[in-house]
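First up is the structure itself, then whatever we jot down about it.
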Amino acid sequence: MQIKISASILSADSTQLGNEIKKVEQAGVDLIHIDVMDGHFVPNITMGPFIVEGIKKITKVPLDIHLMIENPDKYVESFTQKTEENDILTFHIEATNDPLGVINLIKGQGLKAGVAINPDTHERTVEKLLESIDMLLVMTVYPGFSGQAFKQYVCKKIKKLREIAPKNLDIEVDGGIKPETISDAASAGANVFAAATSIFAKENYKEAIEALRKKAQENSYLFVKH
Ligand code: DX5
Ligand code: ZN
């Protein structure tokens, strides 16, 4: 398990998407985070399978696809046409009554499966799934928009989940992650960090990514004795 930075393209310049992705790739990012919103599960509409296919053609960086959509089971296949085994497809626990079914569907398509949990959803809803997933995504804002403030109270939940999770499970946080907030998320137990504003609003993406990585490493749960 390592520290990974995932660049959320929601704040990239959409007229320059290809260049923006190349720039974060050259800047050493570990994952490209793609926020898929349907206007139902969240009050915003963003990208879909067509954009994912396009991105797949221009980068070797694994994709971290965050589905914020209702009925994720119906759309799994449309997202897995061009993806590969290192790409992760994550759906929300609040969006389905059959999470294990969706996980199996994703894995059956040869991808890694992730489950996301909203700030106010109890950890018990995902506890039984931890053995079956490749990544847990803990939201530190209400999903829908970039640029919101990090919700500090979620760190308690991250800590609880890290304590019961299988040893090598990746735990991602998403929302309001910047050098000032990443330390708390890292010391609570997160090791994958999605960030939009704190990368794409900066002049120098390499410096921005390195600043996040450094703070996360210094404060990582992995290096602190418990
Ligand atoms: C919010 C998205 C996030 C968002 C993060 O619903 O899931 O990935 O882009 O944006 P920042 O880093 O600006 O909070
Ligand atoms: Zn996201």
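One-based numbering, in listed order, for ligands and for the atoms of each. Numbers here are sequence positions counted from 1. Just so you know, these numbers use all the heavy atoms, side chains as well, and skip hydrogens, waters and symmetry mates. If you're wondering where the values come from, they're calculated on a predicted model, not measured in any experiment.
- Under 4.0 Å is where a charged nitrogen must lie from a carboxylate oxygen, and between K214 and E210 no such pair does.
- Close approach to A195 involves these atoms of ligand 1, each under 4.0 Å from a residue heavy atom: 12 (O).
- Here the heavy atom of the protein found nearest to atom 6 (O) of ligand 1 is G144 N, 2.7 Å.
- A salt bridge links E84 with K56: the closest approach of a Lys/Arg side-chain nitrogen to an acidic carboxylate oxygen falls below 4.0 angstrom.
- In this structure, S198 contributes its side chain and I177 its backbone to a donor-acceptor pair below 3.5 Å.
- Separation of atoms CG (D87) and CD1 (I106) is listed at 12.0 Å; rounding is to 0.5 Å.
- Put simply, the side chain of I171 does not reach to within 4.5 Å of the side chain of M135, judged on heavy atoms.
- If you number the atoms of ligand 1 from 1 as listed, the ones under 4.0 Å from a heavy atom of H66 come out as 7 (O).
- Using a 4.0 Å cut-off between a side-chain N of Lys or Arg and a carboxylate O of Asp or Glu, E53 and K57 do not qualify as a salt bridge.
- Using a 4.0 Å cut-off between a side-chain N of Lys or Arg and a carboxylate O of Asp or Glu, D170 and K4 qualify as a salt bridge.
- When each atom of ligand 1 is checked for a heavy atom of G175 under 4.0 Å away, the hits are 14 (O).
- Applying the 4.0 Å criterion to heavy atoms of M37 picks out, from ligand 1, the atoms 6 (O).
- Inclusion of L10 in the set of residues having an N or O under 3.5 Å from an N or O of ligand 1 is not warranted.
- The closest heavy-atom contact to atom 10 (O) of ligand 1, among the options A201, S146, A149, comes from S146.
- In terms of protein heavy-atom proximity, atom 5 (C) of ligand 1 is closest to D174 OD1, 3.6 Å.
- To the nearest 10 degrees, the angle centred on the Zn ion (ligand 2) between OD2 in D174 and OD1 in D35 reads 170°.
- Inclusion of S11 in the set of residues having an N or O under 3.5 Å from an N or O of ligand 1 is not warranted.
- Here is the list of ligand 1 atoms found below 4.0 Å of a heavy atom in H33: 8 (O).
- Look at K160 and E123 and you find a salt bridge, because one of the NZ, NE, NH1 or NH2 atoms lies within 4.0 Å of a carboxylate O, short of that distance.
- F145 and I51 sit in two unconnected hydrophobic clusters of ILVMFWY residues. Membership requires side-chain heavy atoms under 4.5 Å apart, directly or through other members.
- Inclusion of T197 in the set of residues having an N or O under 3.5 Å from an N or O of ligand 1 is warranted.
- Taking every heavy atom of M68 and a limit of under 4.0 angstrom, the matching atoms of ligand 1 come to 6 (O), 7 (O).
- Within the 4.0 Å heavy-atom cutoff, G147 counts among the residues contacting ligand 1.
- Here's the thing with D35: one of its N/O atoms is less than 3.5 angstrom from an N/O atom of ligand 1.
- By the 6.0 Å contact criterion, CZ on F200 is enclosed, its count of non-hydrogen atoms from other residues, nucleotides or ligands being greater than 12.
- If you check which protein heavy atom lies closest to atom 1 (C) of ligand 1, you get F145 O, 3.5 Å.
- Connection of F193 to I32 is established within a shared hydrophobic cluster, with ILVMFWY side chains joined at heavy-atom distances below 4.5 Å, either directly or through further cluster members.
- Side chain of R162 to main chain of L169: a donor-acceptor pair is present (N/O by atom type, distance under 3.5 Å, no hydrogens or angles).
- At least one N or O atom of A196, backbone or side chain, sits closer than 3.5 Å to an N or O atom of ligand 1.
- Atom NZ of K157 is surrounded by more than 12 heavy atoms from other residues, nucleotides or ligands within 6.0 Å.
- At a heavy-atom cutoff of 4.0 Å, ligand 1 is contacted by both the backbone and the side chain of P143.
- The shortest N/O to N/O separation between A194 and ligand 1 does not fall below 3.5 Å.
- The ND1 atom of H66 and the NE2 atom of H33 subtend an angle of 100° at the Zn ion (ligand 2), given to the nearest 10 degrees.
- Residue, atom and distance of the protein heavy atom nearest to atom 14 (O) of ligand 1 are G176 N, 2.8 Å.
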